[in-house]
Structure formats: C-alpha cells, structure tokens
Amino acid sequence: MRWIMLAVLFSLFPMLVSCIAGSGKPVENSEKVLRKEKVPEELISSITERKELTYDEFRKFAEHKNHNVRYLIAVNHYTPKDVLTRLADDRSRFVRRGVSINPAIDRDLVDKLMKDKKIYDGLVTNPVVPEELLLQIYDGRKKAEFPITFFAQNPNCPERIIQDILASDDVMAKDYLRQNGHYPPPKRYEPVIINP
C-alpha cells in the first residue's frame with residue numbers, strides 16, 4: 001500500500017511542483033544558469049530530472065547562488081537529510097517551500113518546517129505530514145493565506161477537511177479529492193433518445 005501511495009505521489013509530483021513553485025520555471029532557469037557555468041550536460045540533466053547525485057554534488061548545488069538550482073535540490077527525494085535540513089533554513093522562501101513538498105522528509109524536519117508559516121501552503125500538500133499537524137495548520141489558517149485546495153492535494157487529507165471541502169463550492173478542491181480517491185466521480189448521464 002505504501003509503495004502504491006508513493007508511486008501515485010511521484011506521478012503527481014511535477015504537478016505539485018508547478019502548482020506550488022511560484023518562481024516561474026525552475027528547470028529552465030537552472031539549465032540556463034548551469035550551462036553558463038559550463039556544468040556538464042549529464043549533471044545538469046540529473047539535477048533537473050531529480051535523479052540521484054553524489055553526496056558532494058548535493059552539497060555543492062544546495063549552496064548554489066541561484067535559488068532555482070537550490071530548489072531542484074530541495075525537491076529531490078534523493079537529497080540527504082542533512083542537506084535538506086540546511087535547505088530548510090535557506091534565505092529563499094521558494095527553496096524552503098521545495099523542502100516542504102519533498103516526500104522524503106522525516107518527522108524531525110516536518111517539525112522544524114512547522115515553525116515557518118510562510119511555507120504551510122506547501123507543507124499541507126505533503127503526504128508525510130501527520131494528520132494532527134495538518135489539522136493544526138487547517139484550524140489556525142486564515143482563508144486568505146491559502147485556500148483549502150492545497151489540503152485537497154494531499155492524498156492523506158484528514159476526513160474533517162474532506163467533509164469541509166465537500167460542503168464547499170470549491171470545484172478545484174473537489175477535483176483534487178477525486179484524483180486522490182476521496183470523492184466519487186461525477187455522474188455520467190446517458191443521452192435520452194426520444195422516439196418520434
């Protein structure tokens with residue numbers, strides 16, 4: 001079951017990244033910057049496709065001056081914990097948000113990220129965040145900060161939040177629930193043929 005959930009999550013990962021990113025196109029921007037620095041194409045490809053790197057490569061690019069490059073390291077599920085922990089303190093909110101959506105973060109890092117309210121919109125989409133923390137964020141949020149849609153993107157959305165979404169008129173949130181198997185598909189109506 002856990003492997004199926006991870007497979008679904010990783011298939012949705014690019015969509016989550018694009019929805020939450022907020023800094024344009026990190027892949028394209030990173031490629032441009034790294035090519036200018038004469039980084040080998042194979043390494044650029046490994047970074048932008050979020051493949052496994054050597055420990056030294058993860059550390060080096062986690063300290064890169066460009067926030068788009070650091071973001072790609074932050075969202076890579078192969079990034080070592082100590083590197084993610086360092087990126088969780090990054091000066092760029094975009095990079096910290098990248099750490100918050102990474103499904104490889106552990107409970108210690110989730111607890112650390114809970115202190116940064118500016119990245120809650122990313123954290124609530126991450127299925128590794130425990131239900132009690134999702135509910136804590138949900139109960140404490142102001143609707144203007146970020147919509148309920150972000151919670152609906154989480155495959156482990158708590159039942160109470162699901163019920164609030166179902167009672168709302170937020171069509172996008174309901175679509176995310178449907179994608180995660182929490183909401184039945186809309187009824188399909190067969191055309192009625194009237195014989196003259």
Side-chain angles (χ1 to χ4, degrees), residues 1-130 133-134 137 146 150 153-156 180:
M1 177 69 171
R2 183 175 184 191
W3 292 109
I4 293 170
M5 187 176 75
L6 283 174
V8 169
L9 176 67
F10 286 125
S11 69
L12 295 173
F13 197 65
M15 178 183 65
L16 288 172
V17 170
S18 67
C19 289
I20 296 173
S23 181
K25 301 175 181 176
V27 171
E28 290 86 352
N29 293 337
S30 295
E31 287 174 337
K32 193 174 171 181
V33 166
L34 295 172
R35 282 191 182 109
K36 219 181 244 190
E37 295 174 359
K38 308 262 190 262
V39 173
E41 282 299 318
E42 187 176 317
L43 183 53
I44 293 173
S45 177
S46 292
I47 292 169
T48 59
E49 294 172 19
R50 297 172 192 92
K51 294 182 178 174
E52 193 163 5
L53 307 174
T54 68
Y55 180 78
D56 289 338
E57 289 168 339
F58 274 120
R59 286 197 54 193
K60 174 183 176 184
F61 291 105
E63 295 171 4
H64 197 276
K65 65 185 177 211
N66 185 284
H67 71 280
N68 289 294
V69 174
R70 295 193 314 275
Y71 173 83
L72 291 177
I73 299 302
V75 297
N76 187 324
H77 65 277
Y78 292 112
T79 303
K81 180 183 176 185
D82 65 309
V83 175
L84 285 173
T85 302
R86 218 168 312 124
L87 288 169
D89 291 324
D90 196 276
R91 66 188 172 279
S92 168
R93 176 178 161 188
F94 180 58
V95 173
R96 295 191 315 274
R97 187 180 286 147
V99 174
S100 78
I101 65 172
N102 188 325
I105 61 176
D106 63 12
R107 178 59 192 254
D108 290 339
L109 199 45
V110 169
D111 289 340
K112 177 183 176 96
L113 293 168
M114 283 293 293
K115 296 173 186 164
D116 187 352
K117 292 182 179 185
K118 293 180 180 179
I119 60 168
Y120 277 4
D121 57 343
L123 199 57
V124 300
T125 66
N126 194 328
V128 301
V129 177
L133 295 181
L134 290 172
I137 294 170
F146 58 94
F150 287 93
Q153 294 175 44
N154 189 326
N156 296 326
N180 289 324

So do [Y] and [X] actually touch side chain to side chain, heavy atoms under 4.5 Å?
{"X": "L109", "Y": "L84", "result": "yes"}
{"X": "M114", "Y": "I137", "result": "yes"}
{"X": "H64", "Y": "V33", "result": "yes"}
{"X": "N154", "Y": "N180", "result": "no"}
{"X": "L133", "Y": "D111", "result": "yes"}
{"X": "Y78", "Y": "F58", "result": "yes"}

Does [X] use its side chain to pair, donor to acceptor, with the backbone of [Y] at less than 3.5 Å?
{"X": "N102", "Y": "N76", "value": "yes"}
{"X": "S45", "Y": "E41", "value": "no"}
{"X": "S30", "Y": "N68", "value": "yes"}

Kindly compute the distance separating [atom1] ([X]) from [atom2] ([Y]), expressed to the nearest 0.5 Å.
{"X": "R70", "Y": "K65", "atom1": "CZ", "atom2": "NZ", "result": "11.5 Å"}
{"X": "N156", "Y": "N126", "atom1": "CG", "atom2": "CG", "result": "9.5 Å"}
{"X": "F61", "Y": "I47", "atom1": "CZ", "atom2": "CD1", "result": "4.0 Å"}
{"X": "L43", "Y": "L34", "atom1": "CG", "atom2": "CG", "result": "7.5 Å"}
{"X": "E37", "Y": "N66", "atom1": "CD", "atom2": "CG", "result": "8.0 Å"}
{"X": "H77", "Y": "I101", "atom1": "NE2", "atom2": "CD1", "result": "13.0 Å"}

Please find the pair of heavy atoms, one from [X] and one from [Y], that lie closest to each other, and give the distance.
{"X": "P103", "Y": "V128", "result": "O-CG1, 3.3 Å"}
{"X": "V95", "Y": "H67", "result": "CG2-O, 3.4 Å"}
{"X": "A88", "Y": "R96", "result": "O-CD, 3.2 Å"}

- So F94 and Y71, would you call those rings parallel, tilted or perpendicular, with 30° and 60° as cut-offs? parallel
- Message: Which residues pass the side chain to side chain contact (heavy atoms under 4.5 Å, CB included) test with A62, not counting sequence neighbours?
- Response: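 Per chain and number, A62 pairs via side chain to side chain contact (heavy atoms under 4.5 Å, CB included) with I73, V83, L87.
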- Task: Mind checking side-chain hydrogen bond (donor to acceptor under 3.5 Å, both in side chains) for Y55 and listing every partner two or more places apart, or none if nothing turns up?
- Result: D82
- With sequence neighbours left out, which residue pairs that include part of residues 51-60 fulfil the salt bridge (charged side-chain N to carboxylate O under 4.0 Å, His left out) condition?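 Listed once each, the pairs are E49-K51.
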- Item | Presence of salt bridge, D108 and K112, under 4.0 angstrom |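 Not counted as a salt bridge, because no side-chain N and carboxylate O are separated by less than 4.0 Å.
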